[in-house]
Amino acid sequence: MNPLVWYDLFLFVLLFGVGVYVFATVRITNLHKVYFLFHGLMMLWPFCQFASTLTDDSGLQLFYVTLSFVAVSLLGSGWLLLTIFITGYSERLSAKGTFLLFVPAVIGAIGVVANPWNEFVIPLEGGYIERDYGLWFWVVMTILVSYFLTSLVVLFRAVYSSQTSAMIKKQVRITLWGILVLAVFATIDAILNVVLARWLPIIPGMTSLGIFLSDLFFVYVIKRYNVFDLVSIAHEDVINTIPYGILVLDENEVIVEANKASRFFMDLHVGDSFDMEAFLESVHVVGSCREFVNHYKKKENTLSHIEVIVERDNNIRHYILQSSPIVDSALVPIGHILTFQDVSQERFYVKEMNRQNVTLQERNQALDLIRQELSEANRKLEELALTDSLTNCYNRRYLTQHLNHEVITNIQYKTPFSLLLLDIDYFKAINDRYGHVIGDEVLVRTAEAVKQSIRSTDILTRYGGEEFMIYLPHTEHDLANQIAERVRTAVESNHIMVDHEIMQVSITISIGILSFEDFEVVHVPDNPEGYLTQLFAAVDKALYQAKQNGRNRVEFAEFERGVV
């Protein structure tokens, strides 16, 4: 056995040790699982190359050779997939894209297993330790080269893209060196052990060494930059799931991190410069823009915020822009964190609430107007119910309601009061001679004359027909007599002009008076309405007496004290 074949076993052990090291020193995520699958494919090559030299059975030798080249076929797709993750392009990779990414590798691996017409490998000297490669071998190599070239395109695009962060660019550069090392050793292996195999002795372990060295580069990227670190992944997931837009700026106002939510209202990415003043000029600002910019430029260790309105794609959104400086341990400003809180829904609710409040106020004003109109209508209805429509005096109903309470109060507090009941003399003759229209005019003019003769506190009511009653509060016998005489004289001197007559109509009235001023033997009645009826009967009797004694005169009533 050629001692050089032990290099493959040695490299397999080293790759196994590297895998154990990575497994033991990092926290496991789904991305780590992808890496370990990829790492296992890398380990299969040196192991199978070594195992094929340990047996003389050509069938086992073919199995190990086939398994090693299946691993190599799939290795290219694994490299491309990891390259996409390293460069941060994994978000753009759909399920369909992932499936198509593995299709060429799987086709190559199927061809290696099938080995149709020995177009992949041909045994020499009765076994596969010495072997020749056919057309399918070059198909597999072409697929591998295509994967590596695609990986190089992805990596170089990330390096020269302004949207790629500085940390990812460093990771990509190291990964490029790993791919370069693998490509160099695999190319040397292909030239020496395939192209020039007829003229040069077999040199084992070249591709295995390239795989091992490239894996070291990749492991360095994992450990140095925590590509698959659980905390970093969780941090990125948390930032991207936050509904607020987040921008992290360095001291030169260059974006070093931007979450997904920020892409909904601005076309800025990692690596772009953020000009605060230009941004505020492009949106509508609610509040003091100058004060906010001054706080922002001073980089004071205080929070400042302002509301901005962004219009994009005919969609208006409201954001609370908050600026917070980033400081180091020495409190020296080294950047900014900008957060954009979407408050569009809240503003919509406030606007809708204000609109509803305005509508409610308008309705309340309309209701107040209706209420005032109803109140006025009720007042007029009440006046109609309590006043006489012809003379505009209170009616008998009002007088009764008022005196029901007033008389009881006067008796309780021993307050004197008087009632005057007056009647127009010979009113029927006036109606018969001049008609009811003139009769109504006489009633109206008589009521006006009486109103001008009494006090503002006295209450004049039309008691019925041509009878009027006056309630005189706080009025004793003598004062009631003076007022009654004043009323009688005013009516007697009130001449009423008749339209179709040259002469004037002059009338007189008879008055009955009932005065209460002696409360020694008077008690509060249990039945106010019945008591009031007795008062009305007494004053009516005095009026009747005035008419019997010749009319146009005043007579006082005699009320039987103590009768309730």
Side-chain angles (χ1 to χ4, degrees), residues 29 31 85 87-92 158 161-171 225-287 289 291-313 315-329 331-347:
T29 66
L31 295 179
F85 278 113
T87 53
Y89 294 154
S90 57
E91 295 178 357
R92 307 178 186 179
S161 174
S162 60
Q163 300 180 7
T164 305
S165 65
M167 183 183 71
I168 291 181
K169 288 182 179 181
K170 292 178 181 179
Q171 297 172 181
Y225 298 103
N226 295 322
V227 174
F228 296 147
D229 185 72
L230 182 63
V231 175
S232 299
I233 295 171
H235 167 75
E236 181 179 353
D237 288 343
V238 168
I239 290 222
N240 283 326
T241 54
I242 290 177
Y244 301 167
I246 298 177
L247 294 182
V248 181
L249 312 180
D250 63 12
E251 63 274 14
N252 298 318
E253 295 189 338
V254 175
I255 300 175
V256 297
E257 186 168 359
N259 70 339
K260 289 182 179 179
S262 64
R263 302 170 192 166
F264 290 108
F265 57 89
M266 62 174 56
D267 294 320
L268 293 176
H269 304 85
V270 174
D272 294 342
S273 295
F274 182 81
D275 189 337
M276 178 61 76
E277 294 186 71
F279 171 75
L280 294 178
E281 289 177 358
S282 66
V283 299
H284 178 69
V285 178
V286 179
C289 180
E291 182 179 352
F292 177 81
V293 172
N294 289 338
H295 277 289
Y296 176 78
K297 288 183 176 180
K298 289 179 181 179
K299 297 183 179 179
E300 298 175 348
N301 193 17
T302 56
L303 294 176
S304 56
H305 64 274
I306 196 171
E307 183 173 344
V308 297
I309 302 175
V310 180
E311 183 175 358
R312 186 177 183 184
D313 298 331
N315 187 21
I316 298 177
R317 309 296 295 179
H318 294 252
Y319 295 94
I320 298 298
L321 168 57
Q322 180 172 286
S323 171
S324 174
I326 304 173
V327 296
D328 59 14
S329 58
L331 300 181
V332 177
I334 58 174
H336 275 97
I337 293 180
L338 304 180
T339 59
F340 296 81
Q341 180 184 357
D342 191 342
V343 293
S344 303
Q345 196 72 15
E346 289 82 352
R347 294 296 177 267

For a quick test of reading the model, state the closest non-hydrogen atom pair linking [X] to [Y] and the distance between them.
X      : Y      : value
Arg317 : Ser344 : CA-OG, 3.2 Å
Ile246 : Asn259 : N-OD1, 2.8 Å
Val248 : Ile326 : CG1-CD1, 3.9 Å
Phe292 : Leu280 : CD2-CD1, 4.0 Å

[X] versus [Y]: any side-chain heavy-atom pair under 4.5 Å?
X      : Y      : result
Val285 : Leu321 : no
Met276 : Leu338 : yes
Val254 : Leu249 : no
His318 : Glu307 : yes

Once rounded to the nearest 0.5 Å, what's the spacing between atom [atom1] of [X] and atom [atom2] of [Y]?
X      : Y      : atom1 : atom2 : value
His284 : Cys289 : NE2   : SG    : 11.0 Å
Asp250 : Glu253 : CG    : CD    : 8.5 Å
His336 : Ile255 : NE2   : CD1   : 13.5 Å

- Query: Do other residues, nucleotides or ligands put more than 12 heavy atoms under 6.0 Å from Glu346 CD?
  - Reply: yes

- Would Glu277 and Tyr296 count as a side-chain contact (heavy atoms from CB on, under 4.5 Å) if you check the C-alpha gap in whole Å, the side-chain angles of each, and the deciding distance to 0.1 Å? CA-CA 10 Å; Glu277 294 186 71; Tyr296 176 78; over 6 Å; no

- Item | Parallel, tilted or perpendicular, as decided by the 30° and 60° cut-offs, for the rings of Phe279 and Phe274 |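 Tilted, since the angle between the ring planes falls between 30° and 60°.
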
